[in-house]
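Note sheet for the following structure.
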Amino acid sequence: MALSPELTHFLASVHPYDSLSEPDLAKLAELCDAKDFSAGDQVFAVGEEVKGLYVIASGEVEVTDETDVQLSILGPRNSFGERALLRNDHSQRTARATQALKTIQLPADAFHSLMAEHESVRRFFDRRRPPRAQANPFASLRVEQLMTRNPYACGPSETIREAGAAMAALRISSVCVVEDGAFCGIVTLRDLNREVVAGGRSPLAPIETIMTRAPLTLGPHALVTDVLHMMVERRIGHVPIVKGETLVGIVTQTDLTRAQAMSSAEIVRHASRASTAKDIKKATTEIPQLLLQLVESGERHDVVTRLITDIADTATRRLLKLGEEALGPAPVGYLWLACGSQGRQEQTGVSDQDNCIILSDEATEADRIYFAELAKFVSDGLDQCGYFYCPGDMMATNPRWCQPLAKWREYFTGWIAKPDPMAQMLASVMFDLRPIGGDTALFDGLQEDVLEAASKNSIFVAHMVANSLKHHPPLGLLRGLATFRSGEHRNTLDLKHNGVVPIVDLARIYALSSQLRPANTRARLEAAIEAGITSRSGGADLLDAYDLIAETRLKLQARQVRQGAQPSNFLNPSDLSDFERSHLRDAFVVVKTMQSAVGSGKGTLG
């Protein structure tokens with residue numbers, strides 16, 4: 001039963017077995033067996049017991065789901081069968097050799113023992129991410145996350161007056177001195193006061209005559225606590241950050257104070273007390289750094305997006321208040337609602353605005369003038385704060401989306417009764433509505449009635465299912481990830497439209513089919529599992545897949561913020577390790593499997 005020396009050598013080159021010691025690998029080889037299959041042979045099928053893990057030494061395997069939809073074409077060094085082994089259940093997939101196939105089979109008992117004894121193997125195959133212990137977020141921050149990048153610098157021959165004038169104009173408390181591209185000194189306001197104001201040195205003297213030469217510095221990967229300890233011990237207020245001899249940033253006591261104070265609650269406090277949209281913007285501009293801090297400190301993706309969305313909600317409510325102060329009290333009752341990612345409480349570092357207004361049925365044509373002005377005031381303010389205008393004009397400034405309650409009921413009735421492509425698109429957006437400010441009673445009865453009508457119309461649900469399947473996970477053949485082949489985002493994949501959106505769409509289908517009230521995607525998935533709309537195993541897989549994809553998206557945006565770039569949704573898979581790519585692809589396979597189940601009617605809906 002033991003493997004041949006050639007197959008043992010091959011197994012030693014495959015991750016995660018390459019992490020095993022020679023004795024452990026020899027022990028593993030004794031437990032394994034070589035299994036060969038001819039082209040067309042079925043290794044196992046849906047509903048069959050999977051007897052072990054298969055590692056492909058040569059040949060090719062096609063993996064399909066229960067509806068015979070192809071999920072993967074696997075080649076040498078790939079493995080399959082672990083899903084059923086991890087569940088201790090029968091297979092939910094079929095594996096078939098598409099050409100002569102040589103595999104290494106690890107029996108189920110040996111696989112579980114290997115998982116239990118070796119962390120590297122367990123981490124590779126176990127997709128679940130245990131909760132991480134939360135350390136002090138401030139203590140774990142790196143200097144590059146809060147330093148001022150590319151600080152103002154001058155040459156050593158610049159006069160003290162010129163340097164002082166620049167400090168005053170830029171409202172900074174220090175100037176760095178650079179010669180031939182190398183950092184060589186620093187001058188602070190304290191130096192100017194001591195040397196020029198009190199010491200009488202000529203302001204026309206070169207800045208190098210009063211600079212601190214070769215001051216204490218740190219690298220960008222140092223911890224913020226390193227800066228804090230250095231400042232306290234050496235009684236300094238500025239620490240230049242260098243890479244080699246190159247100046248890349250500076251950290252001041254003000255930066256440390258701001259980092260310690262930064263929290264979603266602090267940003268909400270500033271936004272809620274702002275007197276203008278410009279003042280609100282001062283708060284919302286802190287969101288990228290907040291996102292970076294939350295992700296780096298290990299917060300779950302749904303916590304991060306909830307906190308970021310809370311800021312958008314606060315900004316919206318404050319703008320509504322400021323709008324009413326500027327325009328006068330609203331003539332009739334109204335409700336401002338968010339849809340899209342804000343409606344689902346899933347905003348990240350990249351967000352436009354999607355919103356609408358429900359008016360009381362008492363509203364007159366004259367009243368509409370007031371609400372048109374209010375909608376413009378709020379939407380313009382949100383745009384100024386970084387929540388850009390919706391490209392599809394799904395905003396309250398569009399008269400179509402600022403209507404009395406009766407008209408909204410008419411909208412939803414029409415979309416459900418006649419689900420043409422436009423109705424499907426609009427319903428996909430408007431079924432994620434969440435009240436933000438105003439009379440919430442205008443929404444309660446509407447939501448209940450719409451969910452009941454949607455769940456009872458199987459044709460509408462079928463159309464919504466078909467519409468949801470238009471967003472495909474980025475899966476390629478041979479265990480690859482399908483990236484854009486040309487254009488601005490060449491060699492990347494879109495973690496929004498091809499990553500989280502397919503799961504958002506599935507969760508919405510579950511909610512519509514069974515009258516689930518949550519708008520948040522994760523809450524919808526949990527409710528669907530609890531209600532039996534999905535199988536517990538399938539639902540748990542989808543939850544894990546969603547967590548992994550959403551976390552990968554936030555880590556991408558955090559990395560972009562750390563590098564001083566604008567956050568986006570486009571990931572180059574080559575930036576991931578083999579381990580990360582493998583798990584991300586497995587998550588996309590889960591999504592495709594669940595899409596296939598819903599699309600074929602074999603999913604548990606209703």
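Throughout, numbering of the chain's residues begins at 1 and tracks the sequence. Since we're looking at a predicted model, the values are computed, not measured.
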For [X] against [Y], the heavy-atom pair lying closest together:
{"X": "Q403", "Y": "R368", "value": "OE1-NH2, 3.1 Å"}
{"X": "Q345", "Y": "N520", "value": "O-ND2, 4.0 Å"}
{"X": "L469", "Y": "H472", "value": "O-CE1, 3.2 Å"}

Requested in this report: Assess whether atom CD of E488 is packed by more than 12 heavy atoms of other residues, nucleotides or ligands within 6.0 Å.
Outcome: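 Atom CD in E488 is not packed in, count stays at 12 or less.
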
Query raised in the report: Going by the ring-ring contact (aromatic ring centres under 6.0 Å, His included) test, which pairs reach into residues 265-290, not counting sequence neighbours?
Result: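 Residue pairs with at least one partner in residues 265-290: there are none.
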
Query raised in the report: What pairs of residues pass the ring-ring contact (aromatic ring centres under 6.0 Å, His included) test when at least one of them lies in residues 347-377, not counting sequence neighbours?
Result: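 Found Y334-F371.
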
Any donor-acceptor pair under 3.5 Å linking the side-chain atoms of [Y] with those of [X]?
{"X": "H489", "Y": "D494", "value": "no"}
{"X": "T309", "Y": "Q342", "value": "no"}
{"X": "Q557", "Y": "T348", "value": "yes"}
{"X": "D383", "Y": "Q353", "value": "no"}
{"X": "D505", "Y": "H471", "value": "yes"}

Report task. Determine the interplanar angle of the W401 and Y411 rings, folded into 0 to 90°, and report it as parallel if under 30°, tilted if 30 to 60°, perpendicular if over 60°. Result ->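 Ring orientation of W401 relative to Y411: perpendicular.
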
